Colleague: 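Before I ask anything, let me first share the structure, which is written out below as structure tokens.
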Amino acid sequence: MITLRNNERLMAEIDRIAEVAGYLWTKGWAERNGGNISVNLTTLLSEEEKALPALVSSIPLQEAMTALCGHVFYVTGTGKRMRYVAKDPFANGSLIRIAADGKSYDILAEQPIPPTSELPSHLLMHNFLRAKGRDNRVVLHTHPTDIIGMTHCKPFLDSEKITRTLWSMIPECRIIVPKGVGIVPYEIPGTLALAHATIRQLEEHDVVFWEKHGILAVGEDLIECFDAIDTLSKSAQIYFCARMTGYEPEGMTDQQLDDLVPAFGL
């Protein structure tokens, strides 16, 4: 009998998911069941593991995911709390396999837990990124208080404006988030409209702010996605701290930001 828990590479990645879920909760970015994580695990599995029988009947997808046929993902469960994902990721999420035609998915392990309600959004993003040849295995969505606060301020609903402001608060932000951030005007959470609007921003960015909702990061590594969000959050905190003194923060100059490009190969 195949036991996924015997797969050391898979379990190391599951442990990383639990680690990041814990960070999201302790940061205060994952109230109740806020946020979700999906990670493409296909390359970590043997052919036998990828062919495991489904726990329930196949579930149809709203759109065919033609670039994800046969791929396997860990996805946090609908209504599940990140604080519990941190303790037991298999009891609060599931491994799903996209069908050979990309039109449905099966739940493989370990329990028949329905994936996050934002699964269609996650899969559309994974599908888009893979079709573009980008090896971004991770989609991470969470609710940083300070970043959401900035999206309630109309001047910051402009990608260039908010990127320039956050970059200028601390050098590391320009270094760690070199593509800046995209902005998606408010859409109802979990809708395909939100997903398609996000995909348009992913053409140029790896991090996208959802107005009055949260932030989404894509990448090859879950920890690096978390680090990008954490760095942006630190920049937002510095901005608000400076504003609390009664002054508009000066920020780094254009020349200081430009000097980081050759220094760090950006």
Side-chain angles (χ1 to χ4, degrees), residues 1-22 33 35-131 133-141 190-192 195 218-223 225:
M1 179 180 177
I2 298 173
T3 302
L4 289 174
R5 289 179 184 260
N6 291 336
N7 182 327
E8 293 183 3
R9 294 175 64 209
L10 170 65
M11 294 310 299
E13 189 69 15
I14 297 296
D15 286 345
R16 287 161 71 82
I17 293 168
E19 178 184 354
V20 168
N33 62 319
N36 28 72
I37 300 170
S38 61
V39 181
N40 192 327
L41 303 173
T42 309
T43 59
L44 305 180
L45 300 174
S46 69
E47 292 305 314
E48 285 185 311
E49 289 168 334
K50 286 184 279 189
L52 283 168
L55 299 181
V56 294
S57 300
S58 295
I59 299 109
L61 292 166
Q62 294 169 274
E63 294 190 21
M65 305 297 163
T66 54
L68 301 179
C69 300
H71 283 238
V72 177
F73 295 82
Y74 174 89
V75 186
T76 49
T78 187
K80 300 299 184 181
R81 278 74 165 163
M82 285 295 173
R83 59 185 182 267
Y84 300 145
V85 174
K87 293 179 179 179
D88 192 341
F90 276 122
N92 294 277
S94 54
L95 264 61
I96 67 167
R97 177 182 57 222
I98 310 302
D101 61 3
K103 294 181 179 180
S104 63
Y105 68 91
D106 293 327
I107 298 176
L108 303 185
E110 286 189 350
Q111 303 173 38
I113 294 170
T116 170
S117 61
E118 293 193 8
L119 178 67
S121 296
H122 279 246
L123 291 181
L124 275 173
M125 292 174 218
H126 282 290
N127 192 69
F128 166 79
L129 294 165
R130 184 163 180 81
R134 290 163 61 178
D135 188 23
N136 293 156
R137 301 187 308 110
V138 176
V139 173
L140 170 60
H141 165 56
T191 61
L192 291 181
V218 302
E220 298 177 22
D221 180 271
L222 181 57
I223 297 291
C225 287

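Worth knowing before you read on, the calculation uses all heavy atoms, side chains too, and leaves out hydrogens, waters and symmetry mates. Not measured: the values here are computed from a predicted model.
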Colleague: For a 4.5 angstrom cut-off between non-hydrogen side-chain atoms, does N6 reach M11?
Modeller: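 Answer no - side chains too far apart.
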Colleague: If you look at every heavy atom in V138 and C225, which pair is closest and at what distance?
Modeller: CG1-SG, 3.9 Å
Colleague: For S38, enumerate each residue passing the side-chain hydrogen bond (donor to acceptor under 3.5 Å, both in side chains) test, keeping only those at least two apart in sequence or located in another chain.
Modeller: H122, H126
Colleague: Find the distance between CZ (R97) and OG1 (T42) and round it off to the nearest 0.5 Å.
Modeller: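 Answer for the CZ-OG1 pair, R97 versus T42, is 11.0 Å.
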Colleague: S117: what forms a side-chain contact (heavy atoms from CB on, under 4.5 Å) with it, not counting sequence neighbours?
Modeller: T78
Colleague: So which atom in I107 and which in Y105 form the shortest heavy-atom distance, rounded to 0.1 Å?
Modeller: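 Smallest heavy-atom distance, with atoms named: CG1-CE1, 4.2 Å.
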Colleague: Suppose we screen for side-chain hydrogen bond (donor to acceptor under 3.5 Å, both in side chains). Which residues come up paired with R81, at least two apart in sequence or across chains?
Modeller: none
Colleague: Could you tell me which non-hydrogen atom of V75 sits nearest to which non-hydrogen atom of P115, and how far apart they are?
Modeller: CG1-CB, 3.8 Å
Colleague: Report the C-alpha distance between I223 and E19 in whole Å, list the side-chain angles of each, state the deciding distance to 0.1 Å, and finish with yes or no for side-chain contact (heavy atoms from CB on, under 4.5 Å).
Modeller: CA-CA 9 Å; I223 297 291; E19 178 184 354; 4.0 Å; yes
Colleague: Give the table of side-chain donor-acceptor pairs shorter than 3.5 Å for residues 53-63, with sequence neighbours excluded, one pair per line with atom names and distance.
Modeller:
residue, atom, partner, partner atom, Å
S58, OG, D106, OD1, 2.4
E63, OE2, H196, NE2, 3.1

Colleague: So, taking the atom named CE in M65 and the one named OG in S104, what distance separates them when rounded to the nearest 0.5 Å?
Modeller: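 Separation between the atoms: 11.0 Å.
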Colleague: Please report the closest heavy-atom contact between H71 and N40, naming both atoms and the distance.
Modeller: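 Shortest heavy-atom contact: ND1-ND2, 3.0 Å.
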Colleague: With distance as the sole test, does S94 use its side chain to make a donor-acceptor pair with the main-chain N or O of P112 at under 3.5 Å?
Modeller: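 Answer holds: no.
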Colleague: Show me the donor-acceptor pairs within less than 3.5 Å that the side chains of residues 82-93 make with the rest of the protein, sequence neighbours left out.
Modeller:
residue, atom, partner, partner atom, Å
D88, OD1, F90, N, 3.4
D88, OD1, A91, N, 3.3
N92, ND2, Y84, O, 3.1
N92, ND2, D88, O, 2.9

Colleague: Roughly how far, to the nearest 0.5 Å, is CG of N36 from NE2 of H141?
Modeller: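 One gets 5.0 Å once the value is rounded to the nearest 0.5 Å.
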Colleague: Name all residues meeting the side-chain contact (heavy atoms from CB on, under 4.5 Å) criterion together with L44; count only those two or more places apart in sequence or in a different chain, and write none if there are none.
Modeller: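 With neighbours one apart ignored, the set is R9, E13, L41.
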Colleague: With sequence neighbours excluded, give me every salt bridge (Lys or Arg N to Asp or Glu O under 4.0 Å) pair touching residues 38-47.
Modeller: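 Passing the test, one end in residues 38-47: E47-K50.
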Colleague: Are F73 and L119 packed together at the side-chain level, in the sense that at least one heavy-atom pair is separated by less than 4.5 angstrom?
Modeller: no
Colleague: Partners of D221 by salt bridge (charged side-chain N to carboxylate O under 4.0 Å, His left out), sequence neighbours excluded?
Modeller: R16
Colleague: Does anything in residues 109-128 form a salt bridge (Lys or Arg N to Asp or Glu O under 4.0 Å)? List the pairs, not counting sequence neighbours.
Modeller: R5-E110
Colleague: How far apart are the closest heavy atoms of A64 and K103, and which atoms are they?
Modeller: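 Smallest interatomic distance, heavy atoms only, reads CB-CG, 4.0 Å.
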Colleague: Once side-chain contact (heavy atoms from CB on, under 4.5 Å) is applied, do any residues pair with N33, and if so which ones, sequence neighbours excluded?
Modeller: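 side-chain contact (heavy atoms from CB on, under 4.5 Å) list for N33, sorted by chain: empty.
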Colleague: How long is the gap from CZ on R137 to CZ on R130, to the nearest 0.5 Å?
Modeller: 11.5 Å
Colleague: If every non-hydrogen atom of N127 is compared with every non-hydrogen atom of A67, which pair is closest and at what distance?
Modeller: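 Here N127 and A67 meet closest at OD1-N, 2.8 Å.
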Colleague: Heavy atoms, side chains only, cut-off 4.5 Å: are V72 and L52 in contact?
Modeller: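 No, every pair of side-chain atoms sits at 4.5 Å or beyond.
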Colleague: Please enumerate all residues that pass side-chain contact (heavy atoms from CB on, under 4.5 Å) together with L129, with sequence neighbours excluded.
Modeller: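 If we apply the side-chain contact (heavy atoms from CB on, under 4.5 Å) test to L129, skipping adjacent residues, the hits are R134, N136, V218.
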Colleague: Could you tell me the separation between the CG atom of L45 and the CG atom of L108, rounded to the nearest 0.5 Å?
Modeller: 8.5 Å
